[in-house]
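Inspection log for the structure reproduced underneath, given as structure tokens.
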Amino acid sequence: MTTETLKYQRKELELKALLEITQAINENKTENVLLNIFKFTCLVHLNIKSLLLYVFNEQEQFFERRISHQVKGKLPEHIAKADVEENKDLGKLSVSLSQEYSFSEVNIYVPVYHKEKMLAILFLNTKDKEKGLDLDFTQALTNILVVALENKRFARKQLEQERLRKEMEIASSVQRMLFPASLPSNHRLKAKVTYFPHSTVGGDYYDLVQPTKNDVYFCVADVSGKGMPASLLMSNFQAALRTLLRSGSDLVTIVEQLNSTIFENTNGERFITFFLGHYRYSDGRLRYVNAGHNPPVLCTEQGQQMEVLEAGTTILGAFESLPFLEQGQRNDLHGFIIHLYTDGLTETLNPREQEYGEESFLQYIRANPCATPEQFHLGFFTELDAFSEGVPRRDDLTLLSLQFNGDAPL
């Protein structure tokens, strides 16, 4: 057989190989199908006896073994990027391997680049030395395959990002529906909330419910986790809370039922810190339960007395049944202010990595004991912004301030 005939046959086989792999790509075959077609195309059409293909994993920063054929030695699943001395010239690639691995059966190295980025390494050996192998074509064919795999990875990443974006939009919409549409501001009760979610969807929750003219329930909560799971858990939590409030149950029963609901739904893998308060205008009685939450601050007697409300229990959802539970109570409160907040407030950082802290918050309250909720929030967040000096918040932040006038007529 003449040299010209051999060249013609080789070009014909190369054309078949190119056609098969490009057709598979155009038909949007899966990664595994593409890899198998490439392998058998190389073995059938390109005078290749054994081959290895390592493809670069961008996330893990190593070359990952994707094809292995007719190589009996022990092979690494991954080759660290640092162990590859890159060289675009065919056959001049240098790979550092420990002694336990051997590539002796594949003595031809084909680096695969796209622009300046090394995407893969092809190791191979030929069947017939006399027939030879067009390494430039083999490199080009491998490049087509690897770029197709890279495009699939990029498409998956885009789809995942789009899925996450839509998920966050849904979670954000769900969360907006959880919060009260408006808060009261009248002669009996003035309320003000400031809420800064750390991202599109936060893990904080607040609520204020007035089932009768004589009763006001108010709460603040912080759910572990973020995104859709946290939003769905909080939605379920709010539905359960609203149902229990309508039933007229006492606070202890409400908190126990909420704990059971969360534990059943999450198997103890998620938890919620929670504060629930109930004020009754007719006798000025305040009852509350603090379930592992930052203790709200109560100001009475025109700001002359201040206390934190700590009585309660541990976080909700961590235990099947709460290990202890105490209800706090204050009587004859006919004019007071209460500030409820989440840990994003006290954990605000400045450029020196110092936290704002609970004591600083208490000092601000002492300095502004009789400020209306509106005035309090305006002044406080001016101070907090000055403290943080522009450092981005690392967590959700909620501050809910309530000013009760129990002496006002029902």
Side-chain angles (χ1 to χ4, degrees), residues 174-197 202-223 231 234-251 254-255 257-258 272-291 293-300 309 312 316 327-330 333-342 344-345 365 371-378 380-381 396-406 408 410:
V174 169
Q175 188 173 57
R176 283 195 298 271
M177 290 187 289
L178 297 183
F179 298 133
S182 61
L183 293 174
S185 181
N186 52 57
H187 65 290
R188 300 176 68 210
L189 173 59
K190 288 182 172 59
K192 169 69 176 178
V193 69
T194 299
Y195 170 60
F196 294 117
D204 288 0
Y205 166 64
Y206 63 89
D207 210 345
L208 189 148
V209 179
Q210 300 181 84
T212 71
K213 291 183 178 181
N214 191 42
D215 297 283
V216 181
Y217 291 91
F218 50 92
C219 72
V220 65
D222 188 354
V223 62
S231 178
M234 194 59 82
S235 177
N236 182 275
F237 177 81
Q238 189 226 34
L241 174 62
R242 290 289 184 99
T243 300
L244 290 166
L245 292 179
R246 284 195 297 270
S247 71
S249 302
D250 62 88
L251 298 191
I254 290 173
V255 171
Q257 289 295 319
L258 289 173
I272 295 178
T273 66
F274 177 58
F275 178 92
L276 176 63
H278 170 230
Y279 180 67
R280 192 164 61 192
Y281 286 102
S282 58
D283 57 8
R285 187 183 69 175
L286 171 68
R287 296 178 301 154
Y288 68 90
V289 173
N290 188 337
H293 196 78
N294 304 83
V297 185
L298 176 67
C299 299
T300 59
L309 305 180
L316 304 184
Q327 176 182 279
Q329 183 168 314
R330 300 292 180 271
L333 293 175
H334 296 287
F336 65 97
I337 297 174
I338 185 170
H339 301 288
L340 303 88
Y341 64 97
T342 58
L345 186 151
I365 295 174
T372 65
E374 192 77 34
Q375 294 167 340
F376 185 89
H377 282 231
L378 180 63
F380 173 72
F381 284 101
D396 311 313
L397 188 161
T398 301
L399 174 62
L400 174 62
S401 300
L402 308 173
Q403 183 178 27
F404 287 90
N405 180 10
L410 293 176

Please name the pair of heavy atoms, one in [X] and one in [Y], separated by the smallest distance, quoted to 0.1 Å.
{"X": "Leu251", "Y": "His278", "value": "CD2-CB, 4.1 Å"}
{"X": "Ala371", "Y": "Ile337", "value": "O-CD1, 3.5 Å"}
{"X": "His339", "Y": "Ser401", "value": "ND1-OG, 2.8 Å"}
{"X": "Pro180", "Y": "Asp207", "value": "CG-OD1, 3.4 Å"}
{"X": "Ser247", "Y": "Leu244", "value": "OG-O, 2.5 Å"}
{"X": "Cys219", "Y": "Leu241", "value": "SG-CD2, 3.9 Å"}

Taking it one step at a time, do Phe196 and Phe381 satisfy ring-ring contact (aromatic ring centres under 6.0 Å, His included)?
CA-CA 11 Å; Phe196 294 117; Phe381 284 101; 5.7 Å; yes
Could you walk me through whether Phe218 and Ile338 pass side chain to side chain contact (heavy atoms under 4.5 Å, CB included), step by step?
CA-CA 10 Å; Phe218 50 92; Ile338 185 170; 3.9 Å; yes
Check against side chain to side chain contact (heavy atoms under 4.5 Å, CB included), Gln238 and Tyr205
CA-CA 9 Å; Gln238 189 226 34; Tyr205 166 64; 2.9 Å; yes
Side-chain heavy-atom pair [X], [Y] within 4.5 angstrom cut-off:
{"X": "Pro184", "Y": "Leu208", "value": "yes"}
{"X": "Arg285", "Y": "Gln329", "value": "yes"}
{"X": "Leu402", "Y": "Leu400", "value": "yes"}
{"X": "Val209", "Y": "Arg242", "value": "yes"}
{"X": "Val216", "Y": "Phe404", "value": "yes"}
{"X": "Thr273", "Y": "Leu316", "value": "no"}

Any donor-acceptor N/O pair, [X] side chain to [Y] backbone, under 3.5 Å:
{"X": "His293", "Y": "Tyr341", "value": "yes"}
{"X": "Gln257", "Y": "Ile254", "value": "no"}
{"X": "Tyr279", "Y": "Leu333", "value": "yes"}

Given the ring of Tyr281, does Arg188 sit roughly above its face, with NZ or CZ under 6.0 Å from the centre of the six-membered ring and within 45° of the axis?
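Relative to the ring axis of Tyr281, which defines the angle, Arg188 lies inside both limits.
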Do Asp215 and Tyr217 have side-chain N/O donor and acceptor atoms under 3.5 Å apart?
no
Within the 3.5 Å criterion, strictly below it, is a donor on Thr342 or Asp222 matched to an acceptor on the partner's side chain?
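No - no donor-acceptor pair under 3.5 Å links their side chains.
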Roughly how far apart are Asp396 CG and Leu345 CG, rounded to 0.5 Å?
12.5 Å
Working to the nearest 0.5 angstrom, can you tell me the gap between Thr194 OG1 and Leu397 CG?
8.5 Å
Taking the inter-plane angle between the rings of Phe237 and Phe274 on a 0 to 90° scale, is it parallel (under 30°), tilted (30 to 60°) or perpendicular (over 60°)?
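Ring orientation, 0 to 90° scale: perpendicular.
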Are any of the side-chain nitrogens in Arg287 or Asp250 under 4.0 Å away from the carboxylate oxygens of its partner?
no
His187 and Asn405: side chain to side chain contact (heavy atoms under 4.5 Å, CB included), yes or no, with the steps?
CA-CA 7 Å; His187 65 290; Asn405 180 10; 5.5 Å; no
Check the pair Tyr288, Asn290 against side chain to side chain donor-acceptor pair (under 3.5 Å), reporting the backbone distance first and the verdict last.
CA-CA 7 Å; Tyr288 68 90; Asn290 188 337; over 6 Å; no
Taking atom CD as the centre, does Gln210 end up with more than 12 heavy-atom neighbours from other residues, nucleotides or ligands that are less than 6.0 angstrom away?
yes
With side chain to side chain contact (heavy atoms under 4.5 Å, CB included) as the criterion, how do Leu189 and Gln403 come out once you've worked through the C-alpha distance, each side chain's angles and the decisive distance to 0.1 Å?
CA-CA 6 Å; Leu189 173 59; Gln403 183 178 27; 5.7 Å; no
